[in-house]
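Structure first, commentary second.
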Amino acid sequence: LVTEAQSSLDIVLYRLDPDPYTEAFMAALIEAVRRGVRVRLILDHMGTLIKRPRQALKTFTAAGGELRMFSPFPKFLASGRLNLRNHRKMVIMDGRVVWSGGRNIGLTYLGEPSDPATWHDLSFTLEGPMVPRFAEVFEADWRKEGEPATAPIAEFEPAPGGDALVQLVPSGPDLPHDGLHDALVHAIHTAEDKIWIATPYFLPSDQLLHALATAARLGRDVRLLVPARSNQRIADFARGAYLRDLEEAGVQVLRAGPRMLHAKAVVLDDLAIIGSAIIDVRSMLLNFETALVVYDSASVDALADWFTGLASAAKEGTKPATLPRRLAEATFRL
């Protein structure tokens, strides 16, 4: 998308890892700016605090690229919170095409599938009348970190709609309700057949935990796909008691590995949800996230096939927990 842009690129990322994949990405952005494309880039300050391509970002802004860092620090006096994160991932090209989902930029996200260092992840490309809705989310994020854009952005007619039926659900503390979280809880309670969830970390709210346990006890096909070992050991300890509780309720716990599973997806009966949101309390109740709900059978079936493909190679069940592990789990859960 970056190399094809003619007028504008609007980008939000949580991480931008300093490696050859990011170097190539930044070089393409700089080249786009130099050929006259307006490029606006939002990076999460905490997500890129330790590692980010600092020299490439300086070159980018010197060339005319626009950069805003989503930082919790200026918001502390207004919100009393230092733990707000912009966890969205999207690239909007010329107002016509969106690339979004769970990936950031770097080797772990974009490397070759044959490379063990590349994570399992899930992204999508979208055209049609939903693109302006993503653009509205970007503009809202851009305004959070400064004044609105003064120069007009060229407007394009969206591409004609295809066969997919989708709905964008943004979430974050700037909205009056926890719409994504509450919609997911409701969808689990009302599902009549299957509830399949893939998530890199699993630290659910009490409402989500109760909904999943209730669905399993009612005989629904509830499957939870998590990495056998994630890149966050603290999160792995913290999830242990949750997984065992759900397994006792009848949920099929599946541990994918050895490669890290970073994808976020939910398949429920005749709809599916993909995007940046993780099944944990931070992602659902604090972060700025985007989720795409898909309703057409072709898209839902494709996501179900993707899930079963990974699940077929996963190990079933939770690991036995010794007393020291249970104590560690309780500590990290707090």
Side-chain angles (χ1 to χ4, degrees), residues 87 100-102 122 124 126 130 133 137 163-173 175-226 239 241-254 261 263-311 314 316:
H87 195 243
S100 188
L122 191 62
F124 59 88
L126 180 146
M130 188 55 64
R133 306 288 79 76
V137 173
D163 296 326
L165 181 62
V166 301
Q167 177 185 10
L168 176 62
V169 182
S171 66
L175 296 173
H177 304 290
D178 300 313
L180 177 59
H181 171 269
D182 294 350
L184 182 57
V185 171
H186 175 73
I188 293 170
H189 277 304
T190 56
E192 298 180 355
D193 180 18
K194 61 175 176 286
I195 303 161
W196 298 351
I197 297 175
T199 181
Y201 320 109
F202 184 70
L203 303 167
S205 66
D206 290 342
Q207 295 93 330
L208 277 170
L209 190 69
H210 176 74
L212 290 170
T214 300
R217 293 188 180 108
L218 288 171
R220 311 295 187 255
D221 177 10
V222 186
R223 307 181 195 181
L224 182 59
L225 181 65
V226 296
R239 76 186 185 186
Y242 293 118
L243 295 181
R244 286 195 299 276
D245 288 348
L246 289 178
E247 190 173 39
E248 291 175 3
V251 173
Q252 185 181 23
V253 177
L254 300 161
L261 173 71
K264 305 95 176 167
V266 181
V267 181
L268 307 103
D269 291 353
D270 54 359
L271 66 85
I273 305 170
I274 54 176
S276 64
I278 303 165
I279 307 299
D280 70 11
V281 289
R282 166 180 291 284
S283 191
M284 289 284 165
L285 303 178
L286 283 175
N287 288 352
F288 293 86
E289 306 277 8
T290 50
L292 190 74
V293 185
V294 298
Y295 299 96
D296 61 287
S297 58
S299 298
V300 175
D301 290 346
L303 286 166
D305 291 342
W306 170 86
F307 184 97
T308 54
L310 283 181
E316 184 175 351

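Please read all numbers here as calculations on a predicted model, not as lab measurements.
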Looking only at non-hydrogen atoms, find the nearest pair between [X] and [Y] and report the distance.
| X | Y | answer |
| --- | --- | --- |
| Leu261 | Pro200 | O-CB, 3.2 Å |
| Ser100 | Thr290 | OG-OG1, 4.1 Å |
| Phe202 | Arg239 | O-CB, 3.2 Å |
| Leu246 | Ala213 | CD2-N, 3.8 Å |
| Leu122 | Lys264 | CD2-O, 4.3 Å |
| Pro173 | Asn287 | CD-O, 4.0 Å |

Test side chain to side chain donor-acceptor pair (under 3.5 Å) applied to [X] - qualifying residues, sequence neighbours left out:
| X | value |
| --- | --- |
| Glu192 | none |
| Glu248 | none |
| Arg133 | Glu136 |

Could you tell me if the side chain of [Y] sits less than 4.5 Å from the side chain of [X], heavy atoms only?
| X | Y | result |
| --- | --- | --- |
| Leu208 | His181 | yes |
| Gln207 | His186 | no |
| Pro204 | Leu212 | no |

Under the criterion side-chain contact (heavy atoms from CB on, under 4.5 Å), I'd like the reasoning laid out for Asp270 against Val300: C-alpha separation, chi angles, the key distance, then a yes or no. CA-CA 7 Å; Asp270 54 359; Val300 175; 5.7 Å; no
What is the distance from atom [atom1] of [X] to atom [atom2] of [Y], rounded to the nearest 0.5 Å?
| X | Y | atom1 | atom2 | result |
| --- | --- | --- | --- | --- |
| Gln252 | Leu225 | CD | CG | 10.0 Å |
| Leu168 | Leu126 | CG | CG | 9.0 Å |
| Tyr295 | Ile273 | OH | CD1 | 8.0 Å |
| Asp178 | Met284 | CG | CE | 10.0 Å |
| Tyr242 | Leu224 | OH | CG | 13.0 Å |
| Ile274 | Ser299 | CD1 | OG | 8.0 Å |

Between [X] (side chain) and [Y] (backbone), is there a donor-acceptor pair under 3.5 Å?
| X | Y | result |
| --- | --- | --- |
| Asp269 | Asp193 | yes |
| His87 | Ser276 | yes |
| Ser283 | Ile279 | no |
| Asp296 | Leu165 | yes |
| Thr214 | Ala211 | no |
| Arg220 | Ile195 | no |

Phe307 vs Trp196 aromatic rings, parallel, tilted or perpendicular, using cut-offs 30° and 60°? parallel
Ala187: partners by side chain to side chain contact (heavy atoms under 4.5 Å, CB included), with sequence neighbours left out: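 Expected list: Leu268.
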Just checking, is any N or O donor in the side chain of Ser171 or Glu289 under 3.5 Å from an acceptor N or O on the other one? no
Tell me every residue that passes salt bridge (Lys or Arg N to Asp or Glu O under 4.0 Å) with Asp221, counting only those two or more places apart in sequence or in another chain.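 For Asp221, the residues satisfying salt bridge (Lys or Arg N to Asp or Glu O under 4.0 Å) (neighbours in sequence not counted) are Arg223.
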Taking salt bridge (Lys or Arg N to Asp or Glu O under 4.0 Å) as the test, write out the residues that go with Arg244, two or more places apart. Glu329
In this structure, are over 12 heavy atoms from other groups packed under 6.0 Å from Asp206 atom CG? no
Pair Glu247, Leu243 - check side-chain contact (heavy atoms from CB on, under 4.5 Å), show working. CA-CA 6 Å; Glu247 190 173 39; Leu243 295 181; over 6 Å; no
